There are 2 protein chains.
Amino acid sequence: MNPSKILNALISENLVSDPNGARGRLLKEAARLFRDKGYERTTVRDLAAAVGIQSGSLFHHFRTKEEILKAVMVETIRLNTALMQAAVDAAPTSQEKLRALVRAELESVNGQTGEAMAVLVFEWRSLAEESQADVLELRDIYEKLWLDTLEALRQEGRLLAEPFVVRRMLTGALSWTVTWYRPERGGLTLDGLTDQIMAMMGFAPGI
Amino acid sequence: MNPSKILNALISENLVSDPNGARGRLLKEAARLFRDKGYERTTVRDLAAAVGIQSGSLFHHFRTKEEILKAVMVETIRLNTALMQAAVDAAPTSQEKLRALVRAELESVNGQTGEAMAVLVFEWRSLAEESQADVLELRDIYEKLWLDTLEALRQEGRLLAEPFVVRRMLTGALSWTVTWYRPERGGLTLDGLTDQIMAMMGFAPGI
DNA sequence: CGATACCAAGCAAGCGCTTGGTTTGTAAAC
DNA sequence: GTTTACAAACCAAGCGCTTGCTTGGTATCG
């Protein structure tokens, strides 16, 4: 299953919005604005202007501004969970599964859904507590993929540290790439960066 | 040189504010509020109430709200650069230097200056661009300590990945601990966590 | 007496969101 | 194939509130 097929499947199940539809376009612009200026600094007037409507008209689609933030986060997690699942399933060995996860998360953070992923990381506190609980529930599915893979490597004696600590470290490290990694400026490719991260943990490429 | 001596030296040089003075107390409360609620959600009325004065009186000490944010960041970097420098100087080998840096940064992030460090990471975008440049300059001194140590390990063949990538990964990973590491809840101690991080990079403890 | 630290009051601007009404898309009724 | 009905999508205007910051004046203290 390739990425765009996964996206289409989720759209037809109404789990994520079609990026061509009105709702999907707004969420995409919202993600970009939230990342660039932060949730609080982004006004409903900014959001409305980004899709070419009046600020009041936003509230026909969403009841509150926060509901927009939540929608960005929920849909992003849904999409990325599906992408991660596919990446894991396609890899045969534990080490290759880990590499696939690292590579997939780097792609989420720095590729198409990068804006939304950055929002997920940096705007967490702007989400009301009740909403946080809902999103956390979705995140657990996502995290289990990582922990299962790391646990397997640990069993094989290829990993010295505890899986849950490693996962948390990787979460921070991978999310942080959004602040400095600029593939378009030449230098490191996504695969090259993935290799570096694996090497940092003592996994030489292609073993 | 122990931590509190370093702090006192910086205070007497007027590089950081005395936490017992009016300015220092405000900066401490500001760091806490900025971390807990975010810069934008923290009002000048919140800040004033935290130190028991009227909101208008704040502007006797700082010209703008943003100046408070900048002061929190600048003083935090100054203090932590000094702490890191001491940690590196005290360690004999490269690996021990790295461990000392990891340990020191974990302590910065999760200890006394934890609130301010979290602000440094998560409220970066709230700082006006001119101020960002000033703070970045200070950060470079700090970063050089890391890069020199990592470069030495690389030379010794103990590190497979490139130093600058490793440093950026560690920045993300170590900063991120602030979102999940809770030593008071039992479980992992700071030293234990440091060991785990070293182990993750293939450095077994005590070698 | 002068500087420093503060208070009480409030201004101008910007915020999220509401309101009442108009346009647009769609599909059945004639 | 035009008319009618109706909901969804949107606009124009603005309300009520909060925001960062200012102002003019008053304590406090060396």
Side-chain angles (χ1 to χ4, degrees), chain A residues 11 14 17-73 119 123-132, chain B residues 11 14 17-73 119 123-132:
Chain A
I11 291 172
N14 263 328
S17 309
D18 187 338
N20 299 317
R23 184 187 156 98
R25 270 202 350 267
L26 173 69
L27 290 181
K28 196 173 163 57
E29 291 297 325
R32 194 178 52 81
L33 284 166
F34 289 163
R35 187 199 56 174
D36 290 349
K37 322 191 354 172
Y39 173 75
E40 302 288 342
R41 293 174 104 93
T42 304
T43 70
V44 293
R45 286 164 181 84
D46 292 333
L47 292 169
V51 290
I53 59 174
Q54 291 295 106
S55 68
S57 307
L58 272 187
F59 296 90
H60 177 73
H61 299 280
F62 297 91
R63 268 177 317 197
T64 63
K65 182 187 168 189
E66 196 232 341
E67 198 174 290
I68 299 176
L69 177 62
K70 184 175 177 181
V72 167
M73 293 187 172
V119 170
E123 302 301 330
W124 182 249
R125 269 177 329 186
S126 298
L127 205 64
E129 286 199 29
E130 315 97 66
S131 305
Q132 285 190 9
Chain B
I11 291 171
N14 263 329
S17 309
D18 187 339
N20 299 317
R23 184 187 156 99
R25 272 201 351 266
L26 174 70
L27 289 181
K28 196 173 161 59
E29 291 297 326
R32 194 178 53 81
L33 284 166
F34 289 163
R35 187 199 55 176
D36 290 349
K37 321 190 358 173
Y39 173 76
E40 302 289 341
R41 292 174 104 94
T42 304
T43 68
V44 292
R45 286 162 182 84
D46 293 333
L47 291 168
V51 291
I53 59 174
Q54 292 296 106
S55 68
S57 307
L58 273 186
F59 295 89
H60 177 73
H61 300 279
F62 298 91
R63 269 178 317 205
T64 62
K65 181 188 169 189
E66 197 232 340
E67 198 173 290
I68 299 176
L69 177 63
K70 184 176 177 182
V72 167
M73 293 187 172
V119 170
E123 303 300 332
W124 183 248
R125 269 177 328 187
S126 298
L127 204 64
E129 285 197 30
E130 315 97 67
S131 304
Q132 285 189 10

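Atoms considered below: every heavy atom in the structure, side chains included; atoms not considered: hydrogens, waters and symmetry mates. Naming convention: chains lettered A, B, ... in sequence-line order (proteins, then strands); numbering from 1 in each chain. Here the structure is a predicted model, which is why all the values come from computation and not from measurement.
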ask   = How many Å lie between CZ on B:Phe59 and P on D:dT19, as a whole number?
value = 12 Å
task = Measure the distance from CD on A:Gln54 to P on D:dG14 and round it to the nearest whole Å.
result = 13 Å
key: Distance in angstrom units between A:Glu66 CD and C:dC15 P, rounded   = 19 Å
key: Distance, nearest 0.5 Å, that separates CZ of A:Phe62 from CZ of A:Arg23   = 4.0 Å
ask   = Whole-Å distance between C:dT4 P and B:Ile53 CD1?
value = 17 Å
inquiry  = Strictly below 4.0 Å: does A:His60 bring a side-chain N or O up to OP1 or OP2 of D:dA9?
reply    = yes
key: Inter-residue atom distance B:Leu58.CG - B:Ile53.CD1, 0.5 Å rounding   = 4.5 Å
ask   = If you look at every strand shown and take non-hydrogen atoms under 4.0 Å, does B:Ser57 touch a base, only sugar-phosphate, or nothing?
value = base
request  = Would you mind reading off the distance between B:Leu58 atom CG and C:dC7 atom C1', rounded to a whole angstrom?
outcome  = 13 Å
Closest-nucleotide 5' rank along DNA chain C - winner of A:Thr43 and A:Arg63 = A:Thr43
task = Using whole Å, report how far CD1 of B:Ile68 lies from P of D:dC21.
result = 9 Å
ask   = Is the side chain of B:Tyr39 donor-acceptor paired with the backbone N or O of B:Val119 at a distance under 3.5 Å, no angle test?
value = no
inquiry  = Looking at B:Lys70 and B:Glu67, is there a salt bridge between them, counting it only when a charged N and a carboxylate O are closer than 4.0 Å?
reply    = no
request  = Quickly work out the A:Leu26 CG to D:dA8 C1' distance and round it to whole Å.
outcome  = 16 Å
task = Looking at every strand, decide which applies to A:Ser55 at a 4.0 Å heavy-atom threshold: base, sugar-phosphate, or nothing.
result = base
salt_bridge(A:Arg125, A:Glu40) N-O dist < 4.0 Å = no
query = In whole angstrom, what separates A:Arg25's CZ from D:dA9's C1'?
reply = 12 Å
message = Once hydrogens and angles are ignored, does a donor-acceptor distance under 3.5 Å link the base of D:dG20 to the side chain of B:Arg45?
response = yes
inquiry  = On the nucleotide D:dA8, are OP1 or OP2 found under 4.0 Å from the side-chain N or O atoms that A:His61 carries?
reply    = no
